[in-house]
**Q** 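Dropping a structure here in structure tokens format, bear with me for questions.
Everything quoted here is computed from the prediction, not taken from an experiment.
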Amino acid sequence: MIAAEETALLLLAAGRSRRFQGETSKLDAPFGDLPLGLHVARALDPVPFRARLAVVRTAALDYFPLGFEIIENRDPVGDMASSIRLGVQRAREHAASAVLIALADMPRITAAHVRRLLEAAEGSVAIVASTDGETPPRPPAVFGREMFDQLLSLRGDQGARDLIRAGRHVTTAPSDLIDVDTHADLAAFQRRFYNNGAEENR
């Protein structure tokens, strides 16, 4: 087990939302009672992380009141792994024993699932990611500090995909791992999880 108090939360929120057509970033779009990009930050508020780091392209969403340190990534498109590198470097400066990488476009992540990931992480070489048992593993994912150099060496648009596939995987409900890419996704999930403003039980 890796304690939350020794772990830095790294929230990736710097994407340009290319598949989400229109002038508005998908993270700013309403989802239930919050902008889409704030759901995971709010859900993980009870977890006592050593540090909370949000890598953003612009400051449209205000993560600061939720206890986040803001890291600006001015060019996430040419090298998507750059957001990971920026966040992991800052986590190292916080002397974190691990980093938990989460994506801001996954609004159904729960604190309970994140705690299970941390409980499954063993030692400084740990890699523990999420799965629904059917689709390939994905974030949120925990990386022990001895994996930081590999994360810092990532380049291009693959992110930590290969590392995640090689790690340990913790299963959760498929509904916990949805991500929003398009307006159609947003509309479908809105209908599925919210009914006249009332959230489906999680």
**Q** Could you check whether any side-chain heavy atom of E69 comes within less than 4.5 Å of a side-chain heavy atom of H94, counting everything from C-beta outward?
**A**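 Answer yes - side chains close enough.
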**Q** A side-chain contact here means heavy atoms from C-beta on lying under 4.5 Å apart; do R85 and Q89 qualify?
**A**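 No, too far: nothing below the 4.5 Å cut-off.
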**Q** Looking only at non-hydrogen atoms, find the nearest pair between A8 and A91 and report the distance.
**A**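 So the minimum-distance heavy-atom pair works out to CB-CB, 3.7 Å.
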**Q** Looking at H39 and F31, would you say the former's side chain and the latter's main chain have a donor-acceptor pair under 3.5 Å?
**A**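 Confirmed, H39 side chain pairs with F31 backbone.
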**Q** Are the side chains of T131 and V170 in touch, meaning some heavy atoms are under 4.5 Å apart?
**A**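 Of all side-chain heavy-atom pairs linking V170 with T131, none is under 4.5 Å.
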**Q** Drop me the distance from M1's CE to E6's CD, to the nearest 0.5 angstrom.
**A**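 Taking CE in M1 and CD in E6, the distance rounds to 11.0 Å.
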**Q** Can you check whether L44 reaches V114 side chain to side chain, under 4.5 Å on heavy atoms?
**A**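 Side chain of L44 against side chain of V114, heavy atoms only: contact under 4.5 Å found.
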**Q** Can you see which heavy atom on A173 is nearest to which on D132, and at what distance?
**A**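 Taking A173 first and D132 second, the nearest heavy atoms are C-CB, 4.5 Å.
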**Q** Within a reach of under 6.0 Å around CD of E134, are more than 12 heavy atoms found that belong to other residues, nucleotides or ligands?
**A**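 Counting other residues, nucleotides and ligands, CD of E134 stays at 12 neighbours or fewer.
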**Q** Set out, in order, the CA-CA distance, both residues' side-chain angles and the distance that settles side-chain contact (heavy atoms from CB on, under 4.5 Å) for M147 and I127, then state yes or no.
**A** CA-CA 8 Å; M147 306 309 300; I127 302 175; 3.6 Å; yes
**Q** Using side-chain contact (heavy atoms from CB on, under 4.5 Å) as the criterion, point out the one residue from L86, I71, I101 that pairs with L53.
**A**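 It is I71, the one option of L86, I71, I101 that forms the side-chain contact (heavy atoms from CB on, under 4.5 Å) with L53.
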**Q** Can you tell me how far CG of L38 sits from CZ of F68, rounded to the nearest 0.5 angstrom?
**A**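 CG of L38 is found 9.0 Å from CZ of F68.
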**Q** Quick one: does V128's side chain get under 4.5 Å of R168's, heavy atoms only?
**A**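 They are in side-chain contact.
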**Q** Is there a donor-acceptor contact under 3.5 Å from the side chain of K26 to the main chain of V180?
**A**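 It does hold such a pair.
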**Q** For R52, does the CZ atom sit with more than 12 other heavy atoms under 6.0 Å from it, leaving out its own atoms?
**A**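 For R52, atom CZ is crowded (more than 12 foreign heavy atoms under 6.0 Å).
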**Q** Determine, using the 4.5 Å side-chain heavy-atom cutoff (strictly less than), whether L103 and L34 are members of one ILVMFWY cluster.
**A**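 No, no single cluster joins them.
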**Q** If I compare all heavy atoms of A96 with all of F148, which pair ends up nearest, and what's the gap?
**A**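 Taking every non-hydrogen atom into account, O-CE2, 3.7 Å.
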**Q** Run the ring-centre check on F189 versus Y194 and record whether the distance is less than 6.0 Å.
**A**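 F189 vs Y194: aromatic centres not under 6.0 Å.
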**Q** Could you go through the side-chain hydrogen bond (donor to acceptor under 3.5 Å, both in side chains) check for H169 and S130 one step at a time?
**A** CA-CA 5 Å; H169 306 139; S130 304; over 6 Å; no
**Q** A side-chain contact here means heavy atoms from C-beta on lying under 4.5 Å apart; do L100 and L10 qualify?
**A**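 SC-SC contact between L100 and L10 ruled out.
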**Q** Provide the closest heavy-atom pair for A41 versus L11 in the form atom of the first, atom of the second, distance.
**A**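 Here A41 and L11 meet closest at CB-CD2, 4.2 Å.
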**Q** Using modelled atom types only, decide if a donor and an acceptor are shared between the side chain of D185 and the backbone of T182 within a distance under 3.5 Å.
**A**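 At least one qualifying donor-acceptor pair exists.
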**Q** Is any side-chain heavy atom of P140 closer than 4.5 Å to a side-chain heavy atom of L177?
**A**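 P140 reaches L177 side chain to side chain.
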**Q** Answer yes or no: is there a side-chain heavy-atom contact under 4.5 Å between I178 and F193?
**A**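 In short, these two side chains touch, coming nearer than 4.5 Å.
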**Q** To the nearest 0.5 Å, tell me how far R116 CZ sits from H113 NE2.
**A**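 Reported value, rounded in 0.5 Å steps: 6.5 Å.
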**Q** So, are E93 and R90 salt-bridged, with charged N and O less than 4.0 Å apart?
**A**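 Counted as a salt bridge, because a side-chain N and a carboxylate O are separated by less than 4.0 Å.
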**Q** Might you point out which heavy atoms bring A104 and V40 nearest each other, and give the distance in Å?
**A**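 Closest pair (atom of A104, atom of V40, distance): CA-CG1, 4.0 Å.
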**Q** Establish whether L152 and V99 are linked, either directly or via other cluster members, by ILVMFWY side-chain heavy-atom contacts under 4.5 Å.
**A**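 Yes, L152 connects to V99 through the hydrophobic network.
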**Q** At what distance, to the nearest 0.5 angstrom, does CG of N73 lie from OG of S83?
**A**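 It comes to 4.0 Å.
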**Q** For residues V125 and I164: do they belong to one hydrophobic cluster (side chain heavy atoms under 4.5 Å, members Ile, Leu, Val, Met, Phe, Trp, Tyr)?
**A**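 Yes, it is one cluster - the side chains of V125 and I164 are joined through contacts under 4.5 Å.
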**Q** Start with the C-alpha gap between T7 and L118, add the side-chain angles, then the distance that decides, and say whether side-chain contact (heavy atoms from CB on, under 4.5 Å) holds.
**A** CA-CA 9 Å; T7 303; L118 292 170; 3.8 Å; yes
**Q** Apply the test side-chain contact (heavy atoms from CB on, under 4.5 Å) to residues D181 and D179: give CA-CA distance (whole Å), side-chain angles for both, the deciding distance (0.1 Å), then the verdict.
**A** CA-CA 7 Å; D181 289 322; D179 62 346; 4.0 Å; yes
**Q** Do you know the tightest heavy-atom contact between M106 and P139?
**A**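 Heavy atoms of M106 and P139 come nearest at CE-O, 3.3 Å.
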**Q** Go through the steps for R50 and E5 under the test side-chain contact (heavy atoms from CB on, under 4.5 Å), then give the verdict.
**A** CA-CA 5 Å; R50 184 182 191 89; E5 292 86 351; 5.8 Å; no
**Q** How long is the straight-line distance from OH of Y63 back to CD1 of I70, given to the nearest 0.5 Å?
**A**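 One finds 8.0 Å between CD1 of I70 and OH of Y63.
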